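These notes concern the structure reproduced below.
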Amino acid sequence: MSNKDIARIFRNVAAAYTIRDEKKFRFQIIAYQKAADAIMQLTTEAFALYKDGKLDTIPGVGPTIKTHLIELFTTGKVKHFTDVTKEVSEAVFPLLEVPGFGPKKAYRLVTEFKLKNSKTVLSDLENLAKKGKIAPLVGFGEKSQADILRFLGEYKDKKGKLTRVVLPYAFDAAEKILTYLKKLPTVTEAVALGSLRRMKSTIGDIDIAVASNKPHEAISYFTSYPLKERIIEKGDISASILLIGGMQVDLMVQPKSAFGSLLQHFTGSKNHNIKLREHALKLGMSLSEKGIKQQMVNGKWQMVNYDTEEKLYKALGMTWIPPEMREDTGEVELAIKNKLPKLVTLSDIKGDLHIHSNYPIEPSHDLGNNTMEAMLKKAENLGYEYLGFSEHNPSVSMHTKNAIYSILARRKDKIEQLKSSNKNIRVINLLETDILANGDLPIDDKCFEYLDATLVSIHSVLSTNKEDMTKRVLAGLSHPKAKILSHPTGRLLNQRPGYELDWEKIFDFCLKHHKALEINASPLRLDLPDTLVKDAIQKGVKLVIDTDSHDAQHMDMMQYGVSVARRGWAKKSDILTTLSYNEFVTWLKS
DNA sequence: GCCGTTTTCGGCCCGACTGTTTTCAGTCG
């Protein structure tokens with residue numbers, strides 16, 4: 001029973017409550033949805049928390065849901081959930097995944113046509129719509145029948161928010177639209193917000209805020225965007241389009257005087273906004289994207305506008321919160337107390353330790369594209385104080401031991417020469433060494449004499465179970481020269497989830513033996529994930545941020561790694577590559 | 001059903017848009 005399975009069960013329970021009596025069960029519905037969100041955000045399996053007796057550490061899980069979870073883990077089902085959902089055909093639930101369908105519409109159609117089969121319900125409904133059977137129903141019509149056909153079609157094609165893209169792709173799409181929007185003279189500001197501004201690892205849609213005193217003009221112009229496939233909706237102050245390629249773009253307009261409110265609202269997250277609005281209520285105010293409604297001395301309500309976010313947060317009695325923190329994981333409470341951490345920034349970074357040059361090391365994996373000199377030049381341009389070369393270790397199957405010694409010796413000479421010829425930047429002699437399936441490193445102790453230290457990482461036999469993988473990683477990290485665990489979860493965004501590790505054990509080991517975890521800044525990895533960054537630094541584990549560059553251009557990706565650190569609330573002091581060269585090298589030898 | 005810098009009881013975000021409606025329900029974020 002995975003966290004995803006549990007979250008789905010909770011969402012289905014919420015939907016069943018909605019169908020039965022939305023008003024009566026209003027707060028149960030919210031409770032189950034919140035619990036589902038929280039479980040999806042966990043960095044450990046809920047089942048592991050159950051075994052450790054720590055279920056009540058999950059936010060949104062109180063005594064009742066905890067009891068249900070225990071029943072779920074011990075018996076595989078929950079009587080209460082069966083009771084709640086028993087009058088709802090199981091054919092309802094797959095429809096809830098389709099945008100445009102909520103519990104009411106799904107239930108109405110499934111009941112009307114007596115659909116029973118959850119495996120065929122999507123195609124069953126599609127056929128009914130094609131035959132014109134939906135339009136005659138009370139409350140439906142030709143238009144909604146056509147909408148249903150389109151919803152189902154786009155769901156099959158995974159268009160809109162169903163496909164999440166990595167950050168650079170979303171930034172590129174957003175930049176094009178922003179450039180287009182700024183050509184309209186009455187648009188005084190156009191900014192990309194939402195999960196893009198919060199720098200989430202993947203992006204489901206692009207949210208854009210526009211400042212203009214002529215909202216109709218901005219909306220018409222936006223909905224005429226040449227790269228759109230179709231207009232999803234178009235109203236007085238907001239609109240959505242679907243781009244060719246499948247991404248959805250939402251746009252909202254406010255006058256410049258209320259732009260701060262709009263920035264805040266559209267940046268989200270949803271749960272952060274709810275927390276702010278609940279806080280506003282306690283202060284006798286009502287917060288929305290238009291401003292704050294406040295009760296005046298004469299008893300009348302008045303809308304107060306905010307042109308900047310800083311003023312808005314101040315009006316709510318708190319300090320401005322960096323977008324990366326706005327996930328309702330405690331940031332609002334800290335902002336009220338003026339105790340937000342000072343997050344690490346890109347300009348704090350003094351070096352990059354995971355660089356693959358094209359030096360002919362005859363590696364087990366891929367080489368980089370550029371010379372060591374070119375990579376150093378780039379590092380200098382970025383203003384770094386030091387750069388660590390960490391090509392993959394020489395392939396063991398293709399070389400004798402002596403051949404490997406001589407490759408590493410030659411490489412050391414090369415790096416020594418670079419060290420003496422480069423006055424503006426310090427060079428560190430590293431390697432990215434595989435951790436083999438049995439936990440051994442593929443190269444022997446003599447090899448490490450040619451290195452300052454090494455990164456270690458997993459590249460093979462990824463389907464190992466959590467316990468064995470943890471042992472394997474710890475075995476690899478235990479070599480005195482192994483200082484950094486690179487791309488620790490092995491995930492590839494949108495491709496594979498990564499292997500499971502016992503993070504408590506990994507964190508403890510890192511603390512005790514002076515090892516660091518890498519935040520790999522490659523936008524396809526972003527690994528360590530933000531949620532684990534937060535856990536790690538809470539434990540006091542040190543991190544480094546590396547780009548894993550195979551090309552000089554990749555070194556610009558550092559910003560994505562920094563954003564992951566910021567999403568994990570990392571301060572400058574949590575990141576070792578903010579240290580000066582001398583301080584860092586001292587740690588490397590610790 | 002959860003939760004606490006007014007509370008262990010009494011709260012629980014707010015507004016936009018669409019389609020099918022003559023005033024609103026459903027969905028979305």
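What you see is a predicted model; the values in this text were computed from it and never measured. Keep in mind that the numbers below use all heavy atoms, side chains included, and drop hydrogens, waters and symmetry copies.
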Quiz item: Could you give all pairs that pass the side chain to side chain donor-acceptor pair (under 3.5 Å) test and reach residues 29-39 of chain A, with sequence neighbours left out?
Solution: A:R11-A:D37
Exercise. Quick one: label A:E142 by what it contacts on the DNA or RNA (base, sugar-phosphate, nothing), any heavy atom closer than 4.0 Å.
Key: sugar-phosphate
Self-check item: Same-atom distance (P) from B:dT21 to B:dG26, integer angstrom
Solution: 13 Å
Self-check item: Same-atom distance (C1') from B:dC13 to B:dC28, integer angstrom
Solution: 14 Å
Self-check item: Nearest-Å distance once atom C1' is located in both B:dT6 and B:dG1
Solution: 22 Å
Quiz item: Less than 4.0 Å between a side-chain N and a carboxylate O, is that true for A:E327 and A:R198?
Solution: yes
Quiz item: For A:H279 and B:dG4, what is the distance between atoms NE2 and C1' respectively, to the nearest whole Å?
Solution: 14 Å
Self-check item: A:D56 with A:K66: basic N within carboxylate O range, under 4.0 Å
Solution: yes
Quiz item: What is the distance, rounded to the nearest whole Å, between atom CG of A:L109 and atom C1' of B:dT27?
Solution: 14 Å
Self-check item: Under 4.0 Å protein heavy-atom contact, by nucleotide of nucleotides 11-18 of chain B - B base, S sugar-phosphate only
Solution: -BBBSSSS
Quiz item: Between A:L162 (CG) and B:dC28 (P), how many Å, whole number?
Solution: 11 Å
Quiz item: Is any NZ, NE, NH1 or NH2 atom of the basic residue among A:K275 and A:E331 found under 4.0 Å from an Asp or Glu carboxylate oxygen of the other?
Solution: no
Exercise. Tell me what A:Y32 touches on the nucleic acid: a base, only sugar-phosphate, or nothing, going by heavy atoms under 4.0 Å.
Key: sugar-phosphate
Exercise. May I have the distance from A:Q248 (atom CD) to B:dT27 (atom P), rounded to whole angstrom?
Key: 17 Å
Self-check item: Pairwise C1' distance, B:dT7 and B:dG11 [rounded to whole Å]
Solution: 8 Å
Practice problem: Could you work out the separation of B:dC12 and B:dC17 based on their P atoms and round it to a whole Å? | Solution: 26 Å
Quiz item: Does any non-hydrogen side-chain atom of A:V249 lie less than 4.5 Å from one of A:F222?
Solution: yes
Quiz prompt | Sorted by number, the residues of residues 2-12 of chain A with heavy-atom contact under 4.0 Å to DNA chain B | solution = none
Quiz item: Could you state the CZ-P distance from A:R108 to B:dG19, rounded to the nearest angstrom?
Solution: 18 Å
Quiz item: What nucleic acid atoms does A:H272 come within less than 4.0 Å of, heavy atoms only: base, sugar-phosphate, or nothing?
Solution: nothing
Quiz item: If you look at every strand shown and take non-hydrogen atoms under 4.0 Å, does A:G194 touch a base, only sugar-phosphate, or nothing?
Solution: nothing
Exercise. Taking atom C1' in both B:dT27 and B:dT20, compute the distance separating them and give it to the nearest angstrom.
Key: 15 Å
Quiz item: Are the side chain of A:T82 and the backbone N or O of A:V78 linked by a donor-acceptor pair below 3.5 Å?
Solution: yes
Quiz prompt | Nearest-nucleotide comparison on DNA chain B, the residue closer to the 5′ end among A:L283 and A:A31 | solution = A:A31
Quiz item: Under a 3.5 Å cut-off for both distances, is B:dC12 Watson-Crick or wobble paired, and to whom?
Solution: B:dG1
Exercise. Could you say whether A:L96 or A:Q28 is positioned toward the 5' end of DNA chain B, judged by the nucleotide with the nearest heavy atom to each?
Key: A:Q28
Quiz item: Given atom CD1 of A:I241 and atom P of B:dC28, what is their separation to the nearest angstrom?
Solution: 19 Å
Practice problem: For A:Y17 and B:dG1, give me the distance from atom OH to atom C1', rounded to whole Å. | Solution: 8 Å
Quiz item: Can you name the residues that form a ring-ring contact (aromatic ring centres under 6.0 Å, His included) with A:F47, not counting sequence neighbours?
Solution: A:Y50, A:F73
Quiz prompt | Closest to side chain of A:K105, choosing from B:dC28, B:dC2, B:dG26 | solution = B:dG26
Quiz item: Yes or no on side chain to side chain donor-acceptor pair (under 3.5 Å) for A:K534 and A:T329, after CA distance, side-chain angles and deciding distance?
Solution: CA-CA 10 Å; A:K534 200 172 174 190; A:T329 50; 3.2 Å; yes
Quiz item: Looking for any heavy atom pair under 4.0 Å, which part of the strands does A:F25 touch: base, sugar-phosphate only, or nothing?
Solution: nothing
Exercise. Taking ring-ring contact (aromatic ring centres under 6.0 Å, His included) as the test, write out the residues that go with A:F93, two or more places apart.
Key: none
Quiz item: Is there any ring-ring contact (aromatic ring centres under 6.0 Å, His included) pair reaching into residues 166-217 of chain A, and which pairs are they, with sequence neighbours excluded?
Solution: A:Y180-A:Y221, A:Y180-A:Y225
Practice problem: Verify, without hydrogens or angle tests, whether A:Q145 (side chain) and A:A135 (backbone) share a donor-acceptor contact under 3.5 angstrom. | Solution: yes
Practice problem: Look at A:T64 and B:dC2 and indicate whether a side-chain polar atom (N or O) is within less than 4.0 Å of OP1 or OP2. | Solution: yes
Practice problem: Grab the CG-P distance between A:L193 and B:dG29 for me, whole Å please. | Solution: 16 Å
